[in-house]
Amino acid sequence: MSSVVCELNPIQRHAVETRANNVLVLAGAGSGKTRVLVHRIAWLIENNVSPAHILAVTFTNKAANEMRQRVEQMLGVDLKKIWLGTFHGLAHRFLRLHWREADLPQTFQILDADDQLRLLRRIYKTLAVNEEQYPVKSTQALINDSKERCLRLSHLEHWDAPLIAVYRNYEDICTQSGLVDFAELLLRSYELFQKHAALLRRYHAQFAHILIDEFQDTNVLQYQLIRLLAGESASLMIVGDDDQSIYSWRGANVGNMKSFQRDFAPAQVIRLEQNYRSTAVILQAANAVIAHNADRLGKKLWANGATGDPIVVYNAFNEFTEARYIADQIHKWRDQGKALRDVAVFYRANAQSRVIEEQLMQRGIAYCIYGGLRFFDRAEIRDVLAYLRLTVNAADDVAFERIFNVPTRGLGEATLALVRNYATHHQVSLWIAAQALLEQEQLTARQKNALADFLRLLQGYRQAAVTMPLAQLIEHVIKSSGLDASLRLDQSEAGQLRVENLEELINATHQFASTLDPAEKDQQLKSFLDVAALEGGEDKSTTDDRVQLMTLHAAKGLEFPVVFICGMEEGLFPHAFALKRDVNIEEERRLCYVGMTRAMQQLYFTYAENRRWRGASVLRRPSRFVAELPRELFTCDTLLTAPEPVSFDHVVEPLANAGLKKGQKVKHEDFGVGTVLGVEGEGETLLVKVQFVYAGTKLLSPLYAPLELM
DNA sequence: GAAATGTGTGTTTTT
DNA sequence: CACACATTTC
């Protein structure tokens, strides 16, 4: 028997070794789906398929990296040549290779969602579009949705005239500025292969095997792209679970699974239904909940593990006591000597994390937020990147506008309007327009000076980008653009954080540069910008022993011994938006199913009877998903004393000088638990330096800071 | 033109 | 309640 298949059950092995051309693997939660894919790739390579002939698509970059590592480990080979990544990553790779055929400038840049919105806002202003009638965000969604349904402007003649005007203007600016948005990456690739038959034939010859993970979350465009790439000859394996389809709001189309069986007939269907992850209790409960959905392909998961403990349902008085309960349970878990990294807290909306964070911090429980605001999405980081984008692509008007007066340099709306005006009339980029404007007499002396300084700065960066190593360049930009200086003026908590983020950016660049081939120096900056746009931020290292907080969506594909799902309330989960239509309720239920099936040993549902909503406390009803749990599978963990006594924990007497010495453990109202590093000064000027577990090092005055000894 | 207020607004999930 | 935006004041 081959070495790569010996740890598989018979059905998994069947999937790994199948010779069928078109295979649909219906893989239930925890049934070893990733394992099958990894083994399949390894098996193919062992059977003399060159890695270069394999195309493998995953849902996230993280999943792609993981898969690559696991196959490399298994085979002890370097998988440089395999085409493995997300749809967007792969599409981007096609466009970088074939920019000419795709009608793009070589220096094209990715326009991410945030910049896309900014651009649309600007267009709204120039075209004087009524935002009440056509909300910008809706327009943005409309544009992206139509691209993902393979529709170009020519197909959208039924749209209202203002929307068509906005879209046309948007496309013009993108073309002129060499910008490609997320959906455009896919659509361009699709059209590239449609238009260039010879190119397509080349890839047909190359991609003998195509594997796609999380197929239930692919959209129409992605499906069409795959159809095109597969052609007549490729052997396809798609893996998915219709019960875990949770991205229909983003255009994902579960129907693709049925379409596959039709378009690629005859397709072999393999069902992985044995769950290796969860206890029987958790699995039964998850099955019971998902059974309330009508539209399913049909699949029955069964467990072979222990029965396990009942699910714990906790009804809290409000969101504060809910968070406190979760923190208390995690505290107990840690006191048993268990690892924090084995615990996860899921919620429906990002905003819910704050209360929980506060409670965890109070108890000195280390946590990390998985997902959420990503590193490269922070405004200050994006400002730096905008400078860099301009050095690569001088026509990038979106970047130009972003930093035109950031940091403030005396160039306001009035000057920008002149530049824009010149640019539109002469059909040139803003940068060129600004240069031309300097030669003319329209500007005041002050405007002229400020603009000249700005352009000189940009010109300098352009040259620096050629001569300096990547990390040095970024540091140079941060320091000399004045971004750093202007952020340092802000003494607030948030301001300091932003300065730290810029420092972190320099660090990240050093690390990134070390992974690249130094010979291709001029490519480094471009690659860096591409990664920043496509991957958005680093995956938090899971090596740290921390509780993991994340949205239910972010939880897909992960597993944890202990899982809390909080905010189990009607209107929150299922979300109020979904309550309007029943189809959406089914997606919410699948989301619940995804969350539940992440748990290996212990699952908690918590909900609050009152929750603050727009300032006021509102009475809440428990989620229908709680009611769908079979009664014998859960116990209620409810405090006997109701209502909760009001906590006065935060009212703390100012600390006496005496107790504060090096090594002393203290607790701060906001920053949580920490250790005193040192004491400086005396009397009124007394300051303590405290290293907090979570909040970092702070200098505090014990006379005023809400500190207490522990 | 740029800080400093004040007013209004709206809140899902994200490659 | 918190944030983005508009208006006011310097």
Side-chain angles (χ1 to χ4, degrees), chain A residues 57-64 85-92 110 112-114 116-118 121 125 131-132 135-137 140-141 144 147-148 181-186 213-214 217-219 221-222 245-252 319 346-355 370-374 376-377 379 404-417 444 446-447 450-451 486 489-490 494 531 533-537 539 550-557 567 571-580 584 587-588 590-592 594-595 611-618:
Chain A
V57 192
T58 59
F59 190 67
T60 63
N61 292 297
K62 183 170 179 275
T86 62
F87 272 104
H88 290 92
L90 295 166
H92 173 251
I110 297 165
D112 61 41
D114 186 66
Q116 184 183 41
L117 190 64
R118 289 168 85 96
R121 283 216 174 97
K125 269 188 189 154
E131 216 205 308
E132 305 214 331
V136 197
K137 283 192 175 165
Q140 182 188 25
N144 292 334
K147 286 191 186 190
E148 276 163 4
D181 64 46
F182 276 98
E184 186 73 23
L185 286 172
L186 299 170
D213 197 7
E214 308 280 13
D217 287 324
T218 53
N219 62 37
L221 176 51
Q222 289 165 342
S245 155
I246 55 176
Y247 283 94
S248 76
W249 52 273
R250 213 175 74 185
E319 81 274 15
F346 302 155
Y347 36 81
R348 178 71 234 278
N350 277 309
Q352 287 170 260
S353 74
R354 255 202 28 198
V355 204
Y370 188 95
L373 21 91
R374 295 178 312 180
F376 285 104
D377 285 345
F404 189 65
N405 197 29
V406 176
T408 53
R409 51 170 66 89
L411 292 172
E413 233 4 80
T415 321
L416 184 55
T444 66
R446 262 172 65 182
Q447 286 177 319
L451 192 58
S486 76
L489 288 178
D490 183 356
V531 169
L534 279 172
E535 297 189 23
D539 296 317
M550 66 191 81
T551 64
L552 284 149
H553 282 86
K556 193 177 73 165
L572 191 56
F573 190 35
H575 195 272
F577 278 73
L579 291 172
K580 289 178 195 155
N584 293 335
E587 178 144 322
E588 295 286 305
R590 290 193 291 269
L591 192 56
C592 185
V594 167
R611 187 174 291 272
R612 282 191 98 76
W613 188 252
R614 293 192 194 183
S617 186
V618 178

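These values consider heavy atoms only, across backbone and side chains, with no hydrogens, waters or symmetry-generated copies. Residue numbers start from 1 in every chain, and the chains themselves are labelled A, B, ... in the order their sequence lines are given, proteins ahead of strands.
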Using the six-membered base ring of [N], report whether [X] stacks on it, requiring centroids under 5.5 Å and planes under 30° apart.
{"X": "A:Phe182", "N": "B:dT15", "answer": "yes"}
{"X": "A:Trp249", "N": "B:dT12", "answer": "no"}
{"X": "A:His88", "N": "B:dT15", "answer": "no"}

Are any of the side-chain nitrogens in A:Glu588 or A:Arg348 under 4.0 Å away from the carboxylate oxygens of its partner?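 A:Arg348 and A:Glu588: salt-bridged.
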
4.5 Å side-chain heavy-atom contact, A:Tyr247 and A:Glu214: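 No; the side chains remain at least 4.5 Å from each other.
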
Is the distance between the ring centroids of A:Trp249 and A:His553 less than 6.0 Å?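 They qualify: ring centres under 6.0 Å apart.
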
Rounding to an integer number of Å, can you tell me how far [X] [atom1] sits from [N] [atom2]?
{"X": "A:Tyr370", "N": "B:dT13", "atom1": "OH", "atom2": "C1'", "result": "15 Å"}
{"X": "A:Glu319", "N": "B:dT11", "atom1": "CD", "atom2": "P", "result": "20 Å"}
{"X": "A:Tyr247", "N": "B:dT12", "atom1": "OH", "atom2": "C1'", "result": "11 Å"}
{"X": "A:Glu587", "N": "B:dT12", "atom1": "CD", "atom2": "P", "result": "15 Å"}
{"X": "A:Met550", "N": "B:dT14", "atom1": "CE", "atom2": "P", "result": "11 Å"}
{"X": "A:Trp613", "N": "B:dT9", "atom1": "CH2", "atom2": "C1'", "result": "14 Å"}
{"X": "A:Glu214", "N": "B:dT14", "atom1": "CD", "atom2": "P", "result": "15 Å"}
{"X": "A:Arg409", "N": "B:dG1", "atom1": "CZ", "atom2": "C1'", "result": "14 Å"}

Without swapping roles, check the side chain of [X] against the backbone of [Y] for a donor-acceptor pair under 3.5 Å.
{"X": "A:Glu148", "Y": "A:Leu186", "answer": "no"}
{"X": "A:Arg409", "Y": "A:Phe404", "answer": "yes"}
{"X": "A:Asn405", "Y": "A:Leu411", "answer": "yes"}

What nucleic acid atoms does [X] come within less than 4.0 Å of, heavy atoms only: base, sugar-phosphate, or nothing?
{"X": "A:Leu552", "value": "nothing"}
{"X": "A:Phe59", "value": "sugar-phosphate"}
{"X": "A:Ala414", "value": "sugar-phosphate"}

B/S/- contact track for nucleotides 1-6 of chain C, protein heavy atom under 4.0 Å: SS--S-

Could you tell me whether the phosphate oxygens of B:dT14, OP1 or OP2, come under 4.0 Å of any side-chain nitrogen or oxygen in A:Asn350?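 Answer yes for this pair, as a side-chain N or O of A:Asn350 is under 4.0 Å from OP1 or OP2.
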
Is the phosphate of B:dA2 approached by A:Asn405 (side-chain N or O, under 4.0 Å from OP1 or OP2)?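 So the side chain of A:Asn405 is within the cut-off, an N or O lying under 4.0 Å from OP1 or OP2 of B:dA2.
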
Base-pairing mate for B:dT7 - Watson-Crick or G-U, with both contacts under 3.5 Å: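 Across any shown strand, B:dT7 pairs with C:dA4.
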
Report the distance from atom CD of A:Glu587 to atom NE2 of A:His575, rounding to the nearest 0.5 Å.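 Here the rounded value is 13.5 Å.
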
Report yes or no: is there a donor-acceptor pair, N or O only, under 3.5 Å between the side chain of A:His553 and the base of B:dT13?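 Counting by modelled atom types and ignoring angles, a donor-acceptor contact under 3.5 Å is found here.
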
Report yes if a donor N or O on one partner sits less than 3.5 Å from an acceptor N or O on the other, where the partners are the side chain of A:Arg250 and the base of B:dT15; otherwise report no.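 Answer yes: a donor N or O sits under 3.5 Å from an acceptor.
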
Reading DNA chain B from 5' onward, which residue's closest nucleotide shows up sooner: A:Leu591 or A:Gln447?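 Here A:Gln447 is the residue nearer the 5' end.
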
Using heavy atoms to find the nearest nucleotide of DNA chain B for A:Thr408 and A:Thr60 separately, return the residue whose nucleotide is more 5′.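 Result of the comparison: A:Thr408.
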
Take atom C1' in C:dC5 and the same atom in B:dT12, then report the distance between them in whole Å.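 Per the computed distance, 23 Å lies between those C1' atoms.
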
As a test of reading the structure: which of B:dT15, B:dT14, B:dT12 is closest to the side chain of A:Thr86, going by heavy atoms?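 Looking only at side-chain atoms, A:Thr86 lies closest to B:dT15.
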
Matching residue for A:Leu534 among A:Ile110, A:Thr86, A:Asp112 - test: side-chain contact (heavy atoms from CB on, under 4.5 Å):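 So the option named by the test is A:Ile110.
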
